[in-house]
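Single-structure report; data block below.
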Amino acid sequence: MRFTGVKGLHPHMQKILLTEEEIQSRVRQIAGQISSDYAGQDPLLVGILKGAFIFLADLVRYLTIPVQLDFIAVSSYGNASESSGAVRILKDLDQSIEGLHVLIVEDIVDTGLTLNYLRENLRAREPASLKVCTLLDKPSRRLVEVKIDYNGFVIPDEFVVGYGLDYNGHYRYFRDIMVLKREVYAR
Ligand code: PRP
């Protein structure tokens, strides 16, 4: 457990799903694949705020090729734990992506609605190529099919937090990915 000053599992957590070591090892592997697939292409990595910020920060430090970075912030309408399907851009990219090799970097694909919207939205801007990298994939929750090109972990239908993922803005800072106790989000 790596919650500074506190011993044992955080009281809101049911269990650790993925340890820091497991995550780092997989992120390093994915970075290796991306480095080899995009060699010579100077891709633009687009981080989806806020959840992807830690994954993206680790990913780029394991890459062995030059990349550029940009960010887009989206919000799905709905409550804290259920997406309604409608997506709104809160902060758009700073630059045109026309003619660039773009890699979307997400923390999690759940229903697929956010990614589906982003793929269509970014494709319309005519990048040279458009691919998707996600750390976590929860296929059991999918409402719309989305192609994932780089996939860190397929996970069960549990409410996970940590390593960038939150519940109501909390717990993003954990180094491990943990399952939140149902009583915390169901109350
Ligand atoms: C999460 C996650 C994805 C999206 C996935 O973002 O980062 O963007 O939900 O869900 P979906 O596949 O059902 O669309 P969230 O809306 O929680 O915002 P955040 O990244 O700022 O925490």
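In this text, all values refer to a predicted model and were calculated from it rather than measured experimentally. One-based numbering, in listed order, for ligands and for the atoms of each.
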Got a sec, which residues hit side-chain contact (heavy atoms from CB on, under 4.5 Å) with Leu90, two or more places apart in sequence or on another chain? Ala73, Ser75, Arg88
Within the structure, does Gly112 bring an N/O atom to less than 3.5 angstrom of an N/O atom in ligand 1? yes
Ser76: numbered ligand 1 atoms lying under 4.0 Å from its heavy atoms: 16 (O)
What I want to find out is whether Asp157 reaches Arg182 closely enough, with some N-O distance under 4.0 Å, to be called a salt bridge. no
What are the atoms of ligand 1, with element, lying closer than 4.0 Å to any heavy atom of Leu49? 20 (O), 21 (O)
Could you check whether the rings of Tyr38 and Tyr150 sit parallel, tilted or perpendicular, using 30° and 60° as the cut-offs? tilted
Residue-level breakdown please: for Thr114 versus ligand 1, do any non-hydrogen atoms fall below 4.0 Å on the side chain, on the backbone, on both, or on neither? both
Please determine whether any non-hydrogen atom of Asp166 lies less than 4.0 Å from an atom of ligand 1. yes
Between Asp58 and Tyr163, does any side-chain donor sit less than 3.5 Å from a side-chain acceptor? yes
Considering only heavy atoms, does Arg141 approach ligand 1 within less than 4.0 Å through its side chain, its backbone, both, or neither? neither
Do Gln24 and Tyr62 have a side chain donor and acceptor closer than 3.5 Å? yes
Measure Asp107 to ligand 1 on non-hydrogen atoms and call it side chain, backbone, both or neither using the 4.0 Å cut-off. side chain
Verdict with reasoning, Lys138 to Asp107, per salt bridge (Lys or Arg N to Asp or Glu O under 4.0 Å): CA-CA 11 Å; Lys138 230 193 240 185; Asp107 53 343; over 6 Å; no
Between Val87 and ligand 1, which residue portion shows a heavy-atom distance shorter than 4.0 Å: side chain, backbone, both, or neither? neither
Verify whether one side chain among His12 and Tyr171 offers a donor that lies under 3.5 Å from an acceptor in the other. yes
Out of curiosity, is Lys138 lining ligand 1, as in a heavy atom under 4.0 Å away? no
